[in-house]
Participant: 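Sharing a structure with you now.
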Amino acid sequence: MNSKPVRTRFAPSPTGRMHLGSARSALYPFLLARRTGGTFILRIEDTDQKRFVPGAEQELIDGLHWLGINYDEGPDIGGPCGPYRQTERRDIYNEYAWRLVGLGHAFPCFCTPEKLASVRQEQINSKQNPRYDGTCRNLAVEEGRRRVDSGEKYVIRFKMPKEGSITTEDVLRGSSSTENSALDDSVLLKSDGLPTYHLAAMVDDHLMEISHVIRGSEWLPSLPLHVHIIRAFGWVEPQFVHLSVFLKPSGKGKMSKREASDAIKDGHSIFVSDLQGLGYIPEGVLNWIALMGWGVPEGDVLSLDDMIARFEIQNLTPSPAAINFAKLDHFNATHIRMLQTEDLAERVKPYFLHEGLVVDDIKLLKIVPLIRERLVTLDDCLPFAAWFFKESIQPKPIDLIAKDLTAADSLNIFRQACEIIINLPFTTPANSEPPMRALVEQLGFSPNQVFGILRAAITGQTVSPPLFDSMEIVGKEKVMERIKNAMDILEKK
RNA sequence: GCCCCCAUCGUCUAGUGGCCCAGGACGGGGCCCUCUCAAGGCCCAAACAGCGGUUCGAGUCCGCUUGGGGGCACCA
C-alpha cells in the first residue's frame, strides 16, 4: 500500500512518435501519483540534438492530453522545479558535472572520438570487452583544468571505482550486485556541453525530488552506474521500477518498423495518434495498455478512476508482454458500450460530417442507442448508420429478392407491407412489428426472408440496425417511398 | 563475445509452500436468443519450459539447462 504522496515523472525524449510503450511509461507513474495524492511531472529529455524531431514534443503533449494523463508540472505549464526541458538546464548539468570532478568522482577526458573508436575496435578484435581505456583518468586535476581553459575539446567521464561492487534495488526484481570492474567510465557531459542521460536524469530526478523512477527496462543494465552517480553526489536514490518491454504480437522480439506498418494496414497501430484516427477511444486504449504488465486481481474493465483507485506497484509484472490487438478491440468496444448516449453521439458525429453528411442532432440521438453495441471503433458508425443521413439509397436488385423467393414474391411482400404501413398512425416498433409479423405468418415465409428484403429496400444494405427501430427513425413517409422505389427496381428488371 | 533481466492456457494475467487434478479475461469452438450485424446467456478445449535439489508437501524456494528479451555510444 502506497500511502505517502509520491513525486513521479514521465521523461520522454522528443525523438519520434508517441507509441504504446511511451503511453504506459506515462500511465503508471501518473496512476501512482494520483493514487497517493502526489505529483506527476512531464520532463522533456532533449539533450540529443542529432536525434531531435520537431513536433515530437507536441505529439507527446497531445497524446497525454487525449488519454487524460494530466501532469502537474511540465514544460508548457511550468512548476516549482523548472525548467522542464533539459536543453534549458544545461548550466545546471555543467555545474553538477564539475562538482563531481571536484569530489574526485569524475574527470575531464580529451580523447577524440576517432581515437576512442580505434581503441574500441582493437579491443573487439582481441576479444576484449569494449570500454574506455583510461587515458585521461589519472591526469592531474590542474592539468585537466588548464587544458579545458585553453579551449581544448573535452567530455567529463565518471570515475568508476576499480574495485568493489555495488548493490542496486529494483522494486519488482529485488536487489542485485554488480562488480565495479564490469562497469565503465561513462561520459556524463558531452563535448557539446550537454549532458548524457546518465547525468541529466540523475540530477533532475534529484532536483525535482522524484521519489519513484518508473522507466523502461532498457535502463536496467545502467542502474549500477546511476546509483554510483547518485551516491557520488551524496544523495539517496529513489525507488526504481523498471517496466518490461512490449513484444510484437507473435511474442518474438519487439515491434519493428515493418511490423508497425503491417499493423496499420490491419486497422491497428502502436502509435497513439494513429489509434485516435482509427476510431479508438482513450478509455479503451488506456484500459488495454494498463493491463499489459499489470495484474489486477479481479475485474479488468477499468476507467482511469478505477485504475487510480486500484493501482499498486507490487502488482506490476517484470516479464515482457506481447501486444494483442484483439484485446484492444474488445476493450474499445466495451468502453463504447458504457458511454452515455449524448457522449457517444458527440464522438461519432465528426465521422458523419467528415463524409459530407448533414447531421440532424435529434435524429443522431435516436440512432446512437441502435448502434452503440455494434461499434468496435467509432468509425464503425458509418457502415451502420451513414444511410440514415442520406437523401436516397440505391438497394442492389439482388438484395431485394430473398433466398428461395422470386421477384414476384418480393413484389407481393412489398405491396402488402405498404398496405400495412400506410394504415399505421406512427411507425414505432410497437405499431409496426406485430402486423408485419402477422404478415410473415400469413405468407408462410420466414422472418429472415421478409425482413431481409425490407431492410434492403429501406436501408439500402444487408446489414443495419434493427429494422423496426430504423423504420421509426426514417419515418413513415420515407419508408413508403423507399419500398415503392424498391418495387420500381424489381419491375424494371 | 561479455553483462543484465524474464519464464503459468495461443495472448494478458491470478497465484507469494498445503485453499490449485491451477482461477479470470481476450481469442477459438459449441449451444441458446434472434429480422441482418452485434450485444447477451450457458457450455467446451487450452498452461505451471525441462532437469536436479530443499521440504512431510513445490506453480510457489534454490541451482543448472533451454527458450525469450534487453544492454554493452560524446543515443535516450
Side-chain angles (χ1 to χ4, degrees), chain A residues 11-16 45-48 50-51 109 111-113 116-117 120 124 127-131 153-157 170 172-173 176 178-179 182-184 186-198 200-201 215-224 242 244-245 247 249-254 288 291-301 314-315 317-331 333 337 370-376 380 383-384 433 436-437 440 446-456 459 461-468 470:
Chain A
S13 62
T15 52
E45 310 218 324
D46 55 351
T47 56
D48 185 354
K50 292 187 255 347
R51 292 204 306 154
C109 167
C111 299
T112 64
L116 261 13
R120 183 174 303 117
I124 291 169
K127 288 180 185 160
Q128 288 173 283
N129 287 334
R131 54 166 56 225
K153 276 229 167 211
Y154 71 99
V155 301
I156 289 180
R157 287 179 181 274
D170 171 83
L172 304 181
R173 287 162 254 256
S176 160
T178 309
E179 292 296 323
L183 272 13
D184 207 354
S186 301
V187 172
L188 302 178
L189 198 71
K190 300 181 278 186
S191 59
D192 64 2
L194 284 167
T196 59
Y197 173 90
H198 307 304
R215 53 168 18 175
S217 67
E218 66 270 23
W219 294 113
L220 213 40
S222 44
L223 181 59
H242 291 91
S244 61
V245 293
L247 270 25
S250 65
K252 306 272 184 204
K254 54 177 189 177
W288 181 49
L291 263 31
M292 285 193 278
W294 175 23
V296 183
E298 60 194 36
D300 55 5
V301 175
Q314 284 72 18
N315 293 132
T317 55
S319 46
I323 292 169
N324 183 311
F325 289 115
K327 205 145 188 168
L328 167 62
D329 286 345
H330 166 254
F331 280 125
R337 267 179 259 130
L370 265 37
I371 62 174
R372 179 164 31 211
E373 66 205 24
R374 286 166 239 268
L375 306 183
V376 173
D380 288 339
F384 278 113
E433 188 163 356
M436 293 297 274
R437 287 204 181 272
V440 168
S446 75
N448 201 342
Q449 290 170 313
V450 175
F451 301 151
I453 58 170
L454 279 168
R455 161 174 291 107
T459 73
Q461 41 197 57
T462 54
V463 173
S464 81
L467 180 64
F468 299 106
S470 298

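Each chain gets a letter, A, B and so on, in the order the sequences are listed, and its residues count up from 1.
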Participant: For a quick check of understanding: with a heavy-atom distance under 4.0 Å over all strands, which category does Val245(A) fall into, base, sugar-phosphate or nothing?
Facilitator: sugar-phosphate

Participant: Between Lys50(A) and C75(B), is there a contact of a side-chain N or O with OP1 or OP2 at under 4.0 Å?
Facilitator: yes

Participant: For a 4.5 angstrom cut-off between non-hydrogen side-chain atoms, does Trp288(A) reach Ile323(A)?
Facilitator: yes

Participant: Check every atom of G70(B), G1(B), A76(B) against the side chain of Asn129(A) and return the nucleotide holding the closest atom.
Facilitator: G1(B)

Participant: Just call it for Arg337(A): base, sugar-phosphate, or nothing, with non-hydrogen atoms closer than 4.0 Å on any strand.
Facilitator: sugar-phosphate

Participant: NA contact type, Pro14(A), heavy-atom cut-off 4.0 Å: base, sugar-phosphate, or nothing?
Facilitator: nothing

Participant: Rounded to whole Å, how long is the line connecting atom NE2 of His330(A) with atom C1' of C26(B)?
Facilitator: 7 Å

Participant: Nearest heavy atom decides the nucleotide; on that basis, is Gln128(A) or Trp294(A) closer to the 5' end of RNA chain B?
Facilitator: Gln128(A)

Participant: Taking the P atom in each of A22(B) and A49(B), what is the distance between them to the nearest angstrom?
Facilitator: 15 Å

Participant: Both distances below 3.5 Å, Watson-Crick or wobble geometry, any strand: find the nucleotide opposite C2(B).
Facilitator: G71(B)

Participant: Using atom types as modelled and distance alone, determine if a side-chain donor or acceptor of Asp184(A) lies under 3.5 Å from a backbone N or O of Ser186(A).
Facilitator: no

Participant: Quick one: does Ser217(A)'s side chain have a donor or acceptor within less than 3.5 Å of a partner on Ser244(A)'s backbone?
Facilitator: no

Participant: So, the side chain of Arg455(A) versus the backbone of Gln461(A): is there a donor-acceptor pair under 3.5 Å, distance only?
Facilitator: no

Participant: Can you tell me how far P in G59(B) sits from the matching atom in G17(B), rounded to whole Å?
Facilitator: 13 Å

Participant: From the list C37(B), G68(B), G1(B), which nucleotide is the closest neighbour of the side chain of Pro130(A)?
Facilitator: G1(B)

Participant: Quick check for you: among U34(B), C12(B), C4(B), whose closest atom lies nearest to any side-chain atom of Ala321(A)?
Facilitator: C12(B)

Participant: Does Ser319(A) get its side chain close enough to the base of C6(B), under 3.5 Å, for a donor-acceptor pair?
Facilitator: no

Participant: Return the nucleotide paired to G28(B): Watson-Crick means purine N1 to pyrimidine N3 with N6-O4 or O6-N4, wobble means G-U with N1-O2 and O6-N3, both under 3.5 Å.
Facilitator: C44(B)

Participant: Report the distance from atom CG of Leu194(A) to atom CG of Leu189(A), rounding to the nearest 0.5 Å.
Facilitator: 8.0 Å

Participant: Gly216(A) near the nucleic acid: base, sugar-phosphate alone, or nothing, with a heavy-atom cut-off under 4.0 Å?
Facilitator: nothing

Participant: Rounded to whole Å, please give me the gap between NE2 in His198(A) and P in A76(B).
Facilitator: 8 Å

Participant: So if I take every side-chain heavy atom of Pro221(A) and compare against A76(B), C35(B), G71(B), which nucleotide ends up nearest?
Facilitator: G71(B)

Participant: Pick base, sugar-phosphate or nothing for Pro466(A), based on heavy-atom distances below 4.0 Å to the nucleic acid.
Facilitator: base

Participant: Looking at every strand, decide which applies to Phe331(A) at a 4.0 Å heavy-atom threshold: base, sugar-phosphate, or nothing.
Facilitator: nothing

Participant: Has Arg157(A) got a side-chain N or O lying under 4.0 Å from the OP1 or OP2 atom of C74(B)?
Facilitator: yes

Participant: Roughly how many Å apart are U11(B) and G53(B), using the C1' atom of each and rounding to a whole number?
Facilitator: 33 Å

Participant: Looking at Asp170(A) and Leu220(A), would you say the former's side chain and the latter's main chain have a donor-acceptor pair under 3.5 Å?
Facilitator: no

Participant: For C21(B), which nucleotide is its Watson-Crick or G-U wobble mate, given both distances must be under 3.5 Å?
Facilitator: none

Participant: Taking CZ from Arg120(A) and P from G71(B), how many angstroms apart are they, rounded to a whole number?
Facilitator: 16 Å

Participant: OP1, OP2 of A76(B) versus side-chain N and O of Thr47(A): anything below 4.0 Å?
Facilitator: yes

Participant: Just the rounded figure in Å: distance from C1' of C74(B) to NZ of Lys190(A).
Facilitator: 7 Å

Participant: Need one value for Pro465(A): base, sugar-phosphate or nothing, where a base atom within 4.0 Å counts as base even if backbone is also close, heavy atoms only.
Facilitator: base

Participant: Would you measure the distance from the C1' atom in G29(B) across to the matching atom in A45(B) and give it in whole Å?
Facilitator: 7 Å

Participant: Using a 4.0 Å heavy-atom cut-off, does Ser191(A) contact any base of the nucleic acid, only the sugar-phosphate backbone, or nothing at all?
Facilitator: base

Participant: Tell me which of Phe468(A) and Thr317(A) sits closer to the 5' end of RNA chain B, going by the nucleotide each one is nearest to.
Facilitator: Thr317(A)

Participant: When all nucleic acid strands are considered with a 4.0 Å heavy-atom cut-off, which category describes Gly452(A): base, sugar-phosphate, or nothing?
Facilitator: nothing

Participant: Any donor-acceptor pair under 3.5 Å joining the side chain of Arg173(A) to the base of C5(B)?
Facilitator: no

Participant: So what does Leu220(A) touch, heavy atoms closer than 4.0 Å: a base, only the sugar-phosphate, or nothing?
Facilitator: sugar-phosphate

Participant: Counting only side-chain nitrogens and oxygens, does Ser176(A) get under 4.0 Å of the OP1 or OP2 atom of C5(B)?
Facilitator: yes

Participant: Does any N or O in the side chain of Lys327(A) come within less than 3.5 Å of the main-chain N or O of Leu291(A), such that one atom is a donor and the other an acceptor?
Facilitator: no

Participant: Using only atom types and a distance under 3.5 Å, with no angle test, would you say the side chain of Thr196(A) pairs donor to acceptor with the backbone of Val187(A)?
Facilitator: yes

Participant: Between Ser446(A) and Gln449(A), is there a donor-acceptor pair closer than 3.5 Å when you use the side chain of the first and the backbone of the second?
Facilitator: yes

Participant: Distance check, P atoms only: U60(B) and C51(B), in whole angstrom units.
Facilitator: 12 Å

Participant: Once you round it to whole Å, what is the distance between P of U13(B) and CD of Gln314(A)?
Facilitator: 17 Å

Participant: side-chain hydrogen bond (donor to acceptor under 3.5 Å, both in side chains) with Arg374(A): which residues, sequence neighbours excluded?
Facilitator: none

Participant: Without decimals, in angstroms, what is the distance between Asp300(A) CG and G27(B) C1'?
Facilitator: 13 Å

Participant: Looking only at atom C1', what distance separates C21(B) and G63(B), rounded to whole Å?
Facilitator: 28 Å

Participant: Using atom CG of Asn315(A) as one end and atom P of U13(B) as the other, report the distance to the nearest whole Å.
Facilitator: 12 Å

Participant: With rounding to the closest Å, how many angstrom separate the C1' atoms on A25(B) and C5(B)?
Facilitator: 27 Å

Participant: Once you round it to whole Å, what is the distance between P of G71(B) and CH2 of Trp219(A)?
Facilitator: 10 Å

Participant: Please measure how far the P atom in C43(B) lies from the corresponding atom in U36(B), and state the result in whole Å.
Facilitator: 25 Å

Participant: Using purine N1 to pyrimidine N3 plus N6-O4 or O6-N4 for Watson-Crick, or N1-O2 and O6-N3 for G-U wobble, both under 3.5 Å, which nucleotide pairs with C61(B)?
Facilitator: G53(B)

Participant: Which is true for Ala322(A) with a 4.0 Å heavy-atom rule: it touches a base, it touches only sugar-phosphate, or it touches nothing?
Facilitator: sugar-phosphate

Participant: Classify Pro113(A) by what it touches in the nucleic acid, base, sugar-phosphate, or nothing, heavy-atom distance under 4.0 Å.
Facilitator: base

Participant: Counting the atoms with a prime plus P, OP1 and OP2 as sugar-phosphate, which does Gly293(A) contact under 4.0 Å by heavy atoms, base, sugar-phosphate, or nothing?
Facilitator: sugar-phosphate

Participant: Any strand counts, and the cut-off is 3.5 Å on both contacts for Watson-Crick or G-U wobble. Which nucleotide pairs with A38(B)?
Facilitator: none

Participant: Quick one: which of U34(B), C37(B), U11(B) gets closest to the side chain of Val463(A)?
Facilitator: C37(B)

